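See structure below.
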Amino acid sequence: MAGGGGRPLRALNVAEKPSVAKAVSGILARNPSSGGLRVREGRSRYNKIFEFNYAIQNQQFHMAFTSVTGHLMEVEFEDRYRKWHSCDPVDLYHAPVKKHVPHDKSDIEKTLEEEARKSQWLILWLDCDREGENIAFEVVEVCTRANRNLNIWRARFSALIDREIHYAAQHLIRPNQLFADAVDVRQEIDLRIGASFTRFQTMLLRDAFVLDFTTDDKNVILSYGPCQFWEIQSHEPEEFWTINCTHNSEEGTATFNWMRGHLFDYTCATILYEMCVQEPTATVTNVRQQEKPKYPPHPLSTIELEKRASRYFRMSSEQTMKVAEDLYQAGFISYPRTETDCFSERTDLHRIVQDQQAHPIWGSYAQRLLDPESGLWRNPSGGGHDDKAHPPIHPTKFSSGESGWSQDHHKVYELVVRHFLACVSQPAIGAETTVEIDIAGEQFSASGRVIIAKNYLDVYRFETWGGSVIPTYTYGQQFTPTTLTLDSGVTRPPPLLSEADLLSCMDKAGIGTDATMHDHIKKLLDRFYATKDSSMRFSPTKLGEALVMGYDDMGYELWKPYLRAAMESDMKAVSMGTKSKAEVLEACLQQMKACFLDARLNKGKLFEAMAVFFERSNRSNGNEPYAIGDVLRRCGLCQESDMVLRRKPDGNFMVGCLGYPQCRNVVWLPGSVSEAAVTSNICSTCSPGPVYMIQFKFRRLEIPPNYNVDHLGCIGGCDNTLRQLVEICGTGSRNNSNMPGRGQGHTQSSSSAQSNSRSQGAWHTAHSSSSYTSQSSRGRSAQTQDAAGEDGESSIPCASCGAPCNLRTANTPANRGRKFYSCQAQGCNFFIWEDNANSGGTVPRGSTSRSASTSSRRGGRGRSNQSRGRANDVAFVSATGEPISGRCFVCGDPSHFANACPNRGR
DNA sequence: GCAAGGTC
């Protein structure tokens, strides 16, 4: 490797961040021949340079150790494509991109160049993951530009502890180009997709709707990123019915659950329930007893750490990672960004336990673990994930708490230690009894549990395993239930996810990396796509729901995670060398471009979906371009940009220059156009070509009878039909009545320099367009606005528990856009459609089973089937099994029960 | 002004 003793060589070492440079330098300089650790300033005030002497494989080195701050470079479009209106967004799928050092990193770049010139070796101490490898190559690029003769090495380490760092320094390897390639692919795809869709949907929707969640909607960006979109889910509250049964005896109470779970069909549930009520005797059909283990968790990965900290401490994933990072940098825990959930055989697990023996609280557990007599030890079972870079998160240094630690530091360290001790422990053992009964042919089951051995639960205080005792039953035994109730509820909408749920979903779907998931969650909140309530639960906003609904309605599931997940697996293939970078890029971009074009063709769906949630704006003042459409021809005025077909927020069409606002070239179209689409037909007369023709559809009642509703037209000046219809109907321009030069220009420009050119045209807008443009399309958005009140938020008190119920919007085929209130309190299922609430029908539907049985006492069961959905009055059988008289639920006839109803099943 | 990924 190096050429023996001799004169020291100079090595430039680079870490991913300043703190790692400092920590690694500190470790390597801790030897008698280091000459001490010196620090000097670099060009960047954050990234110091540490210096010391160190021997690698007996070769003396003068080490200079500095850092970058994450990625040194970023990928960006070339200047020509940077401005939002400089090109059609679809061009962004093939526009040239470049990787460059952004301005705010140029001082770091300078330091690297200066140090590289003085060095013979470059040692890369970037994090050992794909991103780290990519950053390593960014550093290599900058350094080799300054010194082409560098000998380039990579140090592989995963914990900032002495033995690992020294091992890494003595066992340098070469950087892995394939890992870096995979990241290049990801960066380019993310940029192209993100920028194209963000520009497209922002320009399409921002000015067309009143976005009531912000006061500054000029600057609103409706960004599109694969990691932002997938999380918002549609939901469908659905009413269900279930039969519950309890039995009290001297030994206690058993709660039996219906083995059908729940039914969504009310009639069906009622029939079955009434059969039970008529013959309520329960017969024990099965009694099972068995020992069951409860296994300790797998070794700790990043996602598990985030989920568990959220669940146990209500700590946000962002905060958890911040604290874990601190603990890692101080050497107390291993690298906290890891996918690995199994320990390698080389890891000395006993030693890690030994370190913890002195702890005042869990030290005695650690001692028991190490005592072979206890039988408590168990080699941990892995979860099958291994990123080959880092071990699972585990304690690397003992601490009983440091003076500088916050509460959160204590909590996270405790979690890491207890989790580690738990996963090398035996599972807990419980004895479970399951009793199954039969009532009138329906099966119910109840179970109880006694814990025999707690084992790992002794140290893992965060998990519990409830013991519950149920009375003893014997096979064939008969009894009368104490209660037998028909209870209703509504399925909970899935969007109310906790942060832990969200992280699970993201993990499963392969969204983001372990290090960035919490950032995506934050971005969702920042972009107004989702909100987080006080109980740490997430729900989508109107905007989030509208966008998902719009893309959903287009028919393909653009926002679904599989796209991203597929890309992840392609990236893996690149990093393994089984697919090439170019091959994956080409295939993925082609696919996404097709998706984009399809989405743009179907942009009406996006519009419609937004209209469900937001009021249309009246801001068509011409200061901003409208929805970007398809290109018709090159602009003859500025000669730089394309003229595109656009639909204004008021529904009218126009043709405008993409160079707006610098170029104000515009062609107004008749106000009577209901549909317009650019075709691939090229006009044979107009020049300079090509000028693509537009397929128009006019509103029958707004054009004279002798004109066709369908018309293939040209805006190049040759089309007399179009010219006449503009004269007859006026244009969709709002400025018809006051626009300077109106009535003169076919092609108009309001730039003063161009005002003379207006006289060329012959079309004029003889009529005010106001009588032709419809302003009545408020539709459901208007109702939404009214219902939601001025601030867009509305709530009513929950009729069941009194907590405020937020107004939400259904997104199901049957009830899309319909508003409902649902109680956010945990365990409360109160639900009511907003239109029912407003019409006075505020009887709660779907309450808890307790209130169901209470109200049933009051209401009896004499309700007709029509009342379903309004109340949960259900039949009740008393503790003595006394039958209660009533009437058929299906037809209302008091002479029979539903199970004998002649209308049953119709 | 846009992505996600590093990090300050």
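Just so we're on the same page: letters track the sequence lines, and every chain starts at 1. Fair warning: this is a prediction, and the values are worked out from it, not measured in the lab. Side-chain atoms are counted along with the backbone in the values below, which use heavy atoms only and exclude waters and symmetry mates.
Residue A/Q187 is classed as a base contact, given a heavy-atom separation below 4.0 Å to a base. Within 4.0 Å of A/N134, counting heavy atoms only, lies no atom of the nucleic acid at all. Counting any heavy atom pair closer than 4.0 Å across all strands shown, A/E325 reaches no nucleic acid atom. No engagement by A/V68 is indicated, since no non-hydrogen atom pair under 4.0 Å with the nucleic acid exists. Residue contacts for A/K105: at a heavy-atom cut-off of 4.0 Å it reaches a base atom on one of the strands shown.
Side-chain N/O atoms of A/R337 include one lying less than 4.0 angstrom from OP1 or OP2 on B/dT7.
What separates CD1 of A/I193 from P of B/dA3 is a distance of 13 Å, to the nearest Å. One interatomic measurement links the two molecules: NZ of A/K83 to C1' of B/dG1, which rounds to 9 Å at whole-angstrom precision. For the pair A/M73 CE and B/dA3 P, the computed distance is 22 Å after rounding to whole Å. The distance between atom OH of A/Y335 and atom C1' of B/dT7, rounded to the nearest whole Å, is 11 Å. Remark: P of B/dA3 and NE2 of A/H71 are 16 Å apart, rounded to the nearest angstrom. Taking atom CD on A/E74 and atom P on B/dA4, their separation rounds to 14 Å, with Å as the unit. Between the CD atom of A/E318 and the P atom of B/dT7 there is a distance of 14 Å, rounded to whole Å.
A/S106 contributes a side-chain N or O that, together with a main-chain N or O of A/H103, makes up a donor-acceptor pair within less than 3.5 Å.
Taking the salt bridge (Lys or Arg N to Asp or Glu O under 4.0 Å) definition, one finds that A/R40 meets it with A/E51, A/E115, sequence neighbours left out. Annotation: salt bridge (Lys or Arg N to Asp or Glu O under 4.0 Å) contacts of A/D341 (sequence neighbours excluded): none.
Ranked by how close their nearest DNA chain B nucleotide is to the 5' end, A/R192 and A/L72 are led by A/R192.
Side-chain N/O atoms of A/Q201 and base N/O atoms of B/dC2 include no donor-acceptor pair closer than 3.5 Å.
There is a side-chain donor-acceptor pair under 3.5 Å between A/N47 and A/S67.
Residue-nucleotide stacking is present for A/Y46 and B/dC8, judged by a side-chain ring centre under 5.5 Å from the six-membered base ring centre and planes under 30° apart.
Closest heavy-atom contact between A/L606 and A/F200: CD2-CE2, 4.2 Å.
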